[in-house]
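What you see is a predicted model; the values in this text were computed from it and never measured.
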Amino acid sequence: MRQEEIWDAEAARRYDTPGTGMFAPDVLGPTVDRLAALAGDGRALEFAVGTGRVAVPLAERGVPVSGIELSVPMVERLRTKVDAATIPVVVGDMASATVPGEFSLVYLVYNTVANLLTQAEQVACFRNAARHLRPGGRFVIELWVPELRQLPPGRQATVWHTEDGYLGLDTYDVLRQRVVSHHVRFGAGREAQIFRTPHRYVWPSELDLMGELTGFALESRHADWTGAEFTGESRSHVSVYRLPG
């Protein structure tokens, strides 16, 4: 399925989980704090702005925010929170769509760069970020580290989360660097609801090369938004790339 088909009206309706998960204050607060500091007195552009999980609180901090989003239902959900004057959004592909003006910060959070399913599309996303940034501007990516050490030879799937009523597992195609995340929700009965999302996983070193190819230099990499040290055991990273100037 194409991404715009995956992120349909039903997915948009279920996306927001106020106060929990990725909307929990201890997750969202440090994200917004760091992005506000990186934006400084300039404008920010969010690739894959979605329902405004990050963009809305960032705008409330006084940072002018615009967005690019492929899913019309996700934008419609965003519009129940803020109007187009507050957070303008261009509907389109974050690897190619353009937004008027110049920005000090472009950011892409919560693993969404992996929604681009080819290396060429991911490089184009870097190129599109550079296109929107002023000299010295930054591109921030939050991304998970591929957990292939959890995948023994001959096995194609890992379980990455379990809790009452929920099971999360990933199936891998290591030849094409593809992974499909399966989100299974169930109750006391026999039936379950499954939501699947395909991704192309990217190693940090590969991400750095994409940046170099498009004019960026890696400025910093941490394990999370609070600035924790990135190590060989880190499961995710926040990487800041900067243009010369």
Side-chain angles (χ1 to χ4, degrees), residues 1-4 6-7 11 15 22 27 31 34-35 38 44-55 58 65-71 74 89-99 103 105-133 137-148 160 170 172-174 176-181 196-225 230 234-243:
M1 294 180 68
R2 296 178 300 176
Q3 291 291 340
E4 59 266 38
I6 294 170
W7 301 103
Y15 188 80
M22 60 181 166
V27 174
T31 305
R34 182 81 187 282
L35 291 173
L38 289 169
L45 172 62
E46 180 172 356
F47 284 178
V49 67
T51 66
R53 179 183 73 94
V54 174
L58 187 59
V65 182
S66 297
I68 294 174
E69 174 55 50
L70 188 64
S71 167
M74 298 288 271
V89 175
V90 170
V91 175
D93 187 336
M94 61 185 171
S96 58
T98 58
V99 175
F103 299 84
L105 177 69
V106 176
Y107 64 94
L108 181 53
V109 298
Y110 218 75
N111 308 321
T112 313
V113 69
N115 288 4
L116 299 169
L117 298 181
T118 69
Q119 186 182 74
E121 289 175 318
Q122 291 169 347
V123 172
C125 184
F126 268 86
R127 190 171 290 115
N128 200 29
R131 186 180 298 125
H132 285 90
L133 287 167
R138 294 179 173 94
F139 183 30
V140 181
I141 294 180
E142 178 188 19
L143 185 61
W144 93 96
V145 177
E147 296 189 57
L148 295 191
W160 51 267
D170 288 337
Y172 286 84
D173 176 351
V174 296
R176 297 190 299 162
Q177 286 184 215
R178 294 281 184 89
V179 58
V180 178
S181 293
R196 298 181 180 92
T197 54
H199 310 278
R200 180 185 186 269
Y201 59 82
V202 193
W203 300 101
S205 57
E206 184 184 6
L207 207 67
D208 294 347
L209 183 57
M210 292 180 186
E212 185 176 339
L213 288 171
T214 52
F216 288 98
L218 178 66
E219 183 176 69
S220 67
R221 172 169 290 133
H222 295 96
D224 59 27
W225 292 100
F230 180 76
S234 298
R235 298 183 63 183
S236 63
H237 59 97
V238 175
S239 297
V240 180
Y241 296 92
R242 190 166 188 173
L243 289 177

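Separating the CZ atom in R242 from the CG atom in L38 is a distance of 9.5 Å, to the nearest 0.5 Å. The distance from atom NE2 of H199 to atom CG of L117, rounded to the nearest 0.5 Å, is 8.5 Å. A distance of 9.0 Å separates OG1 in T31 from CG in D224, rounded to the nearest 0.5 Å. We find the CD1-CZ distance between I141 and R221 to be 9.0 Å, quoted to the nearest 0.5 Å. The structure places CD of E147 at 6.0 Å from OH of Y172, a figure rounded to the nearest 0.5 Å. Of the inter-residue distances, the one linking L218 atom CG with D208 atom CG reads 5.0 Å to the nearest 0.5 angstrom.
Side-chain atoms of Q177 never come within 3.5 Å of backbone atoms of V202 as a donor-acceptor pair (strictly under, hydrogens ignored). No donor-acceptor distance shorter than 3.5 angstrom exists from the side chain of E219 to the backbone of R138, with no hydrogens or angles considered. Side-chain N or O atoms of N111 include one that pairs as donor or acceptor with a backbone N or O of W144 at under 3.5 Å. No donor-acceptor pair under 3.5 Å is formed between the side chain of T112 and the backbone N or O of A48. When atom types are taken as modelled, the side chain of R53 and the backbone of M22 share a donor-acceptor pair closer than 3.5 angstrom.
Side chains of T98 and V90 form no contact here, defined as non-hydrogen atoms less than 4.5 Å apart. Two residues are said to be in side-chain contact when any heavy atoms from C-beta on lie closer than 4.5 Å; Y241 and L133 fail this criterion. The closest side-chain heavy-atom distance from T51 to W7 is not below 4.5 Å. Annotation: side chain of F126 is in contact with side chain of L207 (closest heavy-atom distance under 4.5 Å). The shortest distance between side-chain heavy atoms of N128 and F47 falls below 4.5 Å. The shortest side-chain heavy-atom distance between E46 and E69 does not fall under the 4.5 Å cut-off. Between Y107 and V238, every side-chain heavy-atom pair lies at or beyond the 4.5 Å cut-off. A heavy-atom distance below 4.5 Å is not found between the side chains of L143 and S239.
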- prompt: side chain to side chain contact (heavy atoms under 4.5 Å, CB included) between V54 and Y110: does it pass, once the steps are laid out?
  reply: CA-CA 10 Å; V54 174; Y110 218 75; over 6 Å; no
- prompt: Given Y201 and D170, is the side chain to side chain contact (heavy atoms under 4.5 Å, CB included) satisfied, shown in steps?
  reply: CA-CA 11 Å; Y201 59 82; D170 288 337; over 6 Å; no
- request: Might you work through the side-chain hydrogen bond (donor to acceptor under 3.5 Å, both in side chains) test for Q122 and E206, ending with a clear yes or no?
  value: CA-CA 10 Å; Q122 291 169 347; E206 184 184 6; over 6 Å; no
message: Could you walk me through whether W225 and V27 satisfy the side chain to side chain contact (heavy atoms under 4.5 Å, CB included) test, starting with their C-alpha distance in whole Å, then the side-chain angles of each, then the deciding distance to 0.1 Å, before giving a yes or no?
response: CA-CA 8 Å; W225 292 100; V27 174; over 6 Å; no
- prompt: Taking it one step at a time, do L70 and M94 satisfy side chain to side chain contact (heavy atoms under 4.5 Å, CB included)?
  reply: CA-CA 7 Å; L70 188 64; M94 61 185 171; over 6 Å; no
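Between V145 and S234, the shortest heavy-atom distance links the atoms CG2-O, 3.6 Å. C125 and L116 get closest at one heavy-atom pair: CB-CD1, 3.6 Å. In terms of heavy-atom proximity, L243 sits nearest to A130 at CD1-O, 3.9 Å. Between R196 and V180, the shortest heavy-atom contact is CB-CG1, 4.1 Å. Minimum heavy-atom separation, A44 to L58: CB-CD2, 4.3 Å. For the residue pair A55 and V65, the shortest heavy atom distance occurs at CB-CG1, 3.8 Å.
Summarising the local packing, CZ of R235 is surrounded by 12 or fewer heavy atoms from other residues, nucleotides or ligands at distances under 6.0 Å. Heavy atoms from other residues, nucleotides or ligands lying under 6.0 Å from CD of E212 number 12 at most.
The existence of a salt bridge linking E142 and R34 is excluded, since no basic side-chain nitrogen approaches an acidic carboxylate oxygen closer than 4.0 Å.
The aromatic rings of F139 and F216 are tilted relative to each other, their planes meeting at an angle between 30° and 60°.
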